Protein chains: 2
Amino acid sequence: MRKRAEDVGRTRQRIVEAAVHLHGTAGPAATSIAAIAERAGVTRLTVYRHFPDETALFQACSGHWLSQQQPPRPETWEAIGDPVERLTAGLADLYRFYRAGEQMLTLVSRDLHAAPDAIREAWEARNRHCVGVLADAWPVAGEQHTRRAVIGHAAAFSTWRSLCREQGLTDRRAVEVMVTLVGSVGD
Amino acid sequence: MRKRAEDVGRTRQRIVEAAVHLHGTAGPAATSIAAIAERAGVTRLTVYRHFPDETALFQACSGHWLSQQQPPRPETWEAIGDPVERLTAGLADLYRFYRAGEQMLTLVSRDLHAAPDAIREAWEARNRHCVGVLADAWPVAGEQHTRRAVIGHAAAFSTWRSLCREQGLTDRRAVEVMVTLVGSVGD
DNA sequence: TTTTCGATGAACGCTGCTGTTCACTCACCT
DNA sequence: AGGTGAGTGAACAGCAGCGTTCATCGAAAA
């Protein structure tokens with residue numbers, strides 16, 4: 001039953017790809033099951049069979065989308081001891097990821113309030129982890145709280161969007177600016 | 001025909017208040033005419049009569065809401081000559097406004113993509129004006145572009161939200177941080 | 001060859017929103 | 001006293017989405 005399973009997988013794949021495309025163009029909130037089915041060349045019923053609930057579909061989508069991105073690699077940053085260097089490398093990695101996935105990230109973050117809890121939590125956990133790695137390189141001194149807050153701000157997608165999309169900075173410049181900011185906290 | 005007009009005005013007012021309340025709790029995108037009418041103790045038809053299209057209603061809402069807020073006063077900032085002082089005063093004024101109107105601003109900005117053009121443009125124009133006033137105090141030197149970008153970022157509602165809501169800074173601290181950031185640009 | 005099962009297509013009932021019509025009431029204004 | 005018109009209540013037609021059921025097709029697996 002090899003080919004059988006492959007066919008099933010292919011159908012499932014087409015559905016996921018259709019959903020990812022719509023999530024990245026109309027936004028998750030405006031993506032109906034009917035639209036996904038139509039784009040996948042499949043019946044609504046088939047979609048329901050593969051993904052009983054919205055959460056399952058959403059998870060499959062983010063998995064598939066991430067698999068064709070180059071997500072940020074906090075593990076890599078950890079190897080860097082110097083806090084400023086680590087921060088620079090981390091923000092550069094994050095901003096590169098943000099820019100490459102801008103459309104999807106914009107729409108998903110915009111509709112995040114309506115997304116299943118599991119998705120929202122995963123998003124936030126990922127963020128927290130990155131911030132943790134970037135913040136832990138700094139010596140425990142003085143303005144710890146403010147520094148962590150500013151690092152959290154610098155690492156946020158909304159910050160990249162504001163600086164590079166709305167204000168027109170390059171990723172490089174935005175990283176410099178944010179690193180300077182963090183460095184100037186607690187003086 | 002005095003009392004007659006007053007009655008009409010009162011009905012209109014009740015509708016606007018209902019709409020404002022719903023916009024500030026469920027968000028504009030999730031606010032239906034039916035819900036507004038119900039909350040105003042009025043028929044859907046009456047709502048349609050007072051506000052033929054969504055834009056009219058939306059404008060009345062933002063007018064009414066703003067009238068019971070204390071909006072930022074860029075005119076006041078302009079009197080301050082020193083760029084750092086002006087920026088400090090301006091951001092403090094903005095962040096105070098953002099905090100007081102947090103709920104509404106959060107939901108409206110979240111749903112801004114689905115709002116009538118007139119609304120979105122008014123929002124952006126208001127923003128641009130504030131940024132202009134804050135940026136024009138600085139001498140025309142070196143990193144002009146970056147400085148303006150950073151000021152634009154500092155003045156954005158999303159920035160306040162990130163720093164003070166998500167990262168837990170006080171308004172005061174956030175202002176300090178952002179002023180420091182702008183000051184450190186172009187060194 | 002027969003069984004199995006993924007996928008189909010068509011239908012159903014439900015919810016909720018939109019915008020519009022009509023006849024009607026009742027309080028205010030003239 | 002009578003006209004005006006804001007507001008009512010009920011109904012209509014339309015759209016879009018949801019989730020589910022059923023009989024059926026067709027091709028891979030046994």
Side-chain angles (χ1 to χ4, degrees), chain A residues 1-23 25-61 107 110-111 113-119, chain B residues 1-23 25-61 64 107 110-111 113-117 119:
Chain A
M1 57 172 122
R2 199 173 314 155
K3 169 148 195 213
R4 192 71 174 256
E6 281 173 10
D7 278 4
V8 176
R10 250 191 296 276
T11 300
R12 186 191 164 92
Q13 196 67 2
R14 288 222 316 282
I15 294 174
V16 172
E17 277 163 10
V20 166
H21 178 265
L22 292 171
H23 282 183
T25 50
T31 296
S32 68
I33 303 285
I36 294 172
E38 188 183 6
R39 183 154 228 281
V42 146
T43 314
R44 272 197 307 141
L45 188 57
T46 307
V47 176
Y48 284 122
R49 182 164 306 138
H50 280 275
F51 304 98
D53 54 77
E54 195 195 358
T55 306
L57 206 172
F58 224 117
Q59 274 169 339
C61 283
L107 295 176
R110 187 236 266 161
D111 293 349
H113 63 95
D117 292 344
I119 300 296
Chain B
M1 56 172 125
R2 199 173 314 156
K3 170 147 194 212
R4 192 70 174 258
E6 283 174 9
D7 277 3
V8 176
R10 250 192 296 278
T11 300
R12 188 191 163 93
Q13 196 66 4
R14 288 221 317 282
I15 294 173
V16 172
E17 278 163 10
V20 167
H21 178 264
L22 292 170
H23 283 182
T25 50
T31 296
S32 68
I33 304 285
I36 295 172
E38 189 184 5
R39 183 152 228 279
V42 145
T43 313
R44 273 197 308 141
L45 189 56
T46 305
V47 177
Y48 284 123
R49 184 166 303 140
H50 280 275
F51 304 98
D53 53 76
E54 194 196 359
T55 305
L57 206 171
F58 223 116
Q59 274 168 339
C61 282
H64 177 261
L107 295 176
R110 189 235 267 161
D111 293 350
H113 64 95
D117 292 344
I119 300 295

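Both backbone and side-chain heavy atoms feed into the values below; hydrogens, waters and symmetry mates do not. Remember, it's a predicted structure, so these values are computed and weren't measured experimentally.
Per the geometry, CG belonging to Leu57(B) stands 14 Å off C1' belonging to dT18(C), to the nearest Å. Between Arg12(A) atom CZ and dA7(C) atom P the separation is 11 Å, expressed in whole Å. Spacing between atom CD of Glu6(B) and atom P of dA27(C) amounts to 17 Å, rounded to whole angstrom units. Look at CG on Asp53(A): it is 13 Å from P on dC18(D), rounded to the nearest Å. In this structure, Arg10(B) atom CZ and dA27(C) atom C1' are separated by 13 Å, rounded to whole Å. In this structure, Glu38(B) places its CD atom 13 Å from P of dT8(D), rounding to the nearest Å. Atom-to-atom, CZ of Arg14(B) to C1' of dA6(D) comes out at 12 Å; the value is rounded to the nearest Å. Computed from coordinates, the Leu22(B) CG to dC17(C) P distance equals 11 Å when rounded to whole Å.
Smallest separation of non-hydrogen atoms from Pro116(B) and Thr55(B): CB-OG1, 3.4 Å. Taking every heavy atom of both residues into account, Ala60(B) and Arg12(B) meet most closely at CB-NH2, 4.2 Å. Thr46(B) and Thr11(B) make their closest contact through CG2-CG2, 4.1 Å (heavy atoms, listed as atom of the first residue, atom of the second, distance). Across Arg110(A) and His113(A), no two heavy atoms sit closer than the pair O-CD2, 3.3 Å.
An OP1 or OP2 oxygen of dG7(D) is reached within less than 4.0 angstrom by no side-chain nitrogen or oxygen of Thr46(B). For the pair His50(A) and dA7(C), the criterion of a side-chain N or O lying under 4.0 Å from OP1 or OP2 is met. Within the 4.0 Å cut-off from OP1 or OP2 of dA7(C), at least one side-chain nitrogen or oxygen of Thr11(A) is found. Note on Ser32(A): a side-chain N or O is less than 4.0 Å away from OP1 or OP2 of dG17(D).
Between the side chain of Arg49(A) and the base of dA7(C), a donor-acceptor pair under 3.5 Å is found.
When each of Gly41(B) and Leu45(A) is assigned the nucleotide of DNA chain D with its nearest heavy atom, Gly41(B) is the one assigned upstream, toward the 5' end.
Residue-level contact check: Ile33(B) touches the backbone only, with heavy atoms under 4.0 Å from sugar-phosphate atoms and none from bases.
The 12-atom threshold is exceeded at CD of Glu17(A), counting heavy atoms of other residues, nucleotides or ligands nearer than 6.0 Å.
Listed candidates were dG6(C), dT20(C), dT20(D). Nearest to the side chain of Val8(A) is dG6(C).
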